[in-house]
Amino acid sequence: LKLPETMTTLYFVGMTALSLVFYIPVNKLTPKLGKKKMILFAFAVFSAAYFYTGFMGKMSFIPASVQGLILTVVAALPMAIFGILSQSDSITSESNREGMFYAARTFAFKLGQSISMLIFTAVSTIGAAEGTGYRVAAFGAAVFCCIGGIILVFYNEKKINGIINRHQ
């Protein structure tokens, strides 16, 4: 976008703050819609955000600062959804393992971040002057987000909710 580097920090802080604001509607909507629908929605919006990122800087009809602001706002909602909807299996296992789940989830996130940084670093060098590698990385992230959403489609939320309801 050819904006000052300080803008990245402002956009990231804005996205995080807006994500916290979205926690309230996410908490209100989740019991009505279900976790699966909310997370699928988050995958779809994140995929769209990554896809949009691949075109940032090429849309000369939108000012660069506005392009960054759009991404900030759009990405904040899925960040809230992914950040707030936790998992627990204490009913089926009769053991509270939220700590273990958190550790496993954090390990998976860190592993994913490490691998993505290696791939991103390798890909970002492609056509560095034109930013081609960054666009390839953004489109790749969109594809992986779509794959994550497709995998989630096979999650049987009704079965899990039935188990939870029987134990209440």
What distance separates Cys146 SG from Phe51 CZ, expressed to the nearest 0.5 Å?
9.5 Å

Minimum-distance pair of heavy atoms, taken over all atoms of Ser47 and Cys145
OG-CB, 3.0 Å

Nearest 0.5 Å, please: how far is OG1 in Thr30 from CD1 in Ile39?
8.0 Å

With ring pair (Phe, Tyr, Trp, His ring centres under 6.0 Å) as the rule and sequence neighbours excluded, what pairs involving residues 8-36 come up?
none

Taking Thr121 for its side chain and Met117 for its backbone only, find out whether a donor-acceptor pair lies under 3.5 Å.
yes

Note: Met56 and Gln67 closest approach over all heavy atoms is CA-OE1, 3.2 Å

Students often mix this up, so state it plainly: with edges at 30° and 60°, are the rings of Tyr134 and Phe120 parallel, tilted or perpendicular?
tilted

For Gly57 and Leu1, the nearest pair of non-hydrogen atoms, with its separation, is N-CD2, 3.4 Å

Within this structure, what is the CD1-OG1 distance for the pair Ile126 and Thr132, rounded to the nearest 0.5 Å?
8.0 Å

Provide the closest heavy-atom pair for Leu40 versus Gly149 in the form atom of the first, atom of the second, distance.
CD2-O, 3.2 Å

Ring centres under 6.0 angstrom apart (Phe55, Phe139)
yes

In the single-linkage hydrophobic clustering (I, L, V, M, F, W, Y; side-chain heavy atoms under 4.5 Å), do Met79 and Val21 co-cluster?
yes

Closest non-hydrogen atoms of Val26 and Ala80, given as atom of the first, atom of the second and distance, are CG2-CB, 4.3 Å

Kindly work out whether a path of hydrophobic side-chain contacts (I/L/V/M/F/W/Y, heavy atoms less than 4.5 Å apart) joins Phe144 to Ile151.
yes

I want to check something: taking the side chain as every heavy atom from C-beta on, are Lys36 and Lys158 in contact at a cut-off of under 4.5 Å?
no

I'd like to know if Leu10 and Val73 are part of one continuous hydrophobic network [Ile/Leu/Val/Met/Phe/Trp/Tyr, side-chain heavy atoms within less than 4.5 Å].
yes

How far does CD1 of Ile62 sit from CD1 of Ile70, to the nearest 0.5 angstrom?
4.5 Å

Residue list, ring pair (Phe, Tyr, Trp, His ring centres under 6.0 Å) with Tyr52, at least two apart or on another chain:
none

Are Ile115 and Val136 grouped together when hydrophobic residues (ILVMFWY) are joined by side-chain heavy atoms under 4.5 angstrom apart?
yes

d(Leu77 CG, Met38 CE) to nearest 0.5 Å is 6.5 Å

Quick one: do Glu130 and Arg135 satisfy side chain to side chain contact (heavy atoms under 4.5 Å, CB included)? Show the steps, please.
CA-CA 10 Å; Glu130 303 84 37; Arg135 295 180 199 296; over 6 Å; no

Shared ILVMFWY cluster between Leu33 and Val45, side chains joined below 4.5 angstrom?
yes

One should read off an interatomic distance between Leu29 CG and Ile24 CD1, to the nearest 0.5 angstrom, of 12.0 Å

Which atom names give the shortest non-hydrogen contact between Ala49 and Val74, and what distance separates them?
CB-CG1, 4.1 Å

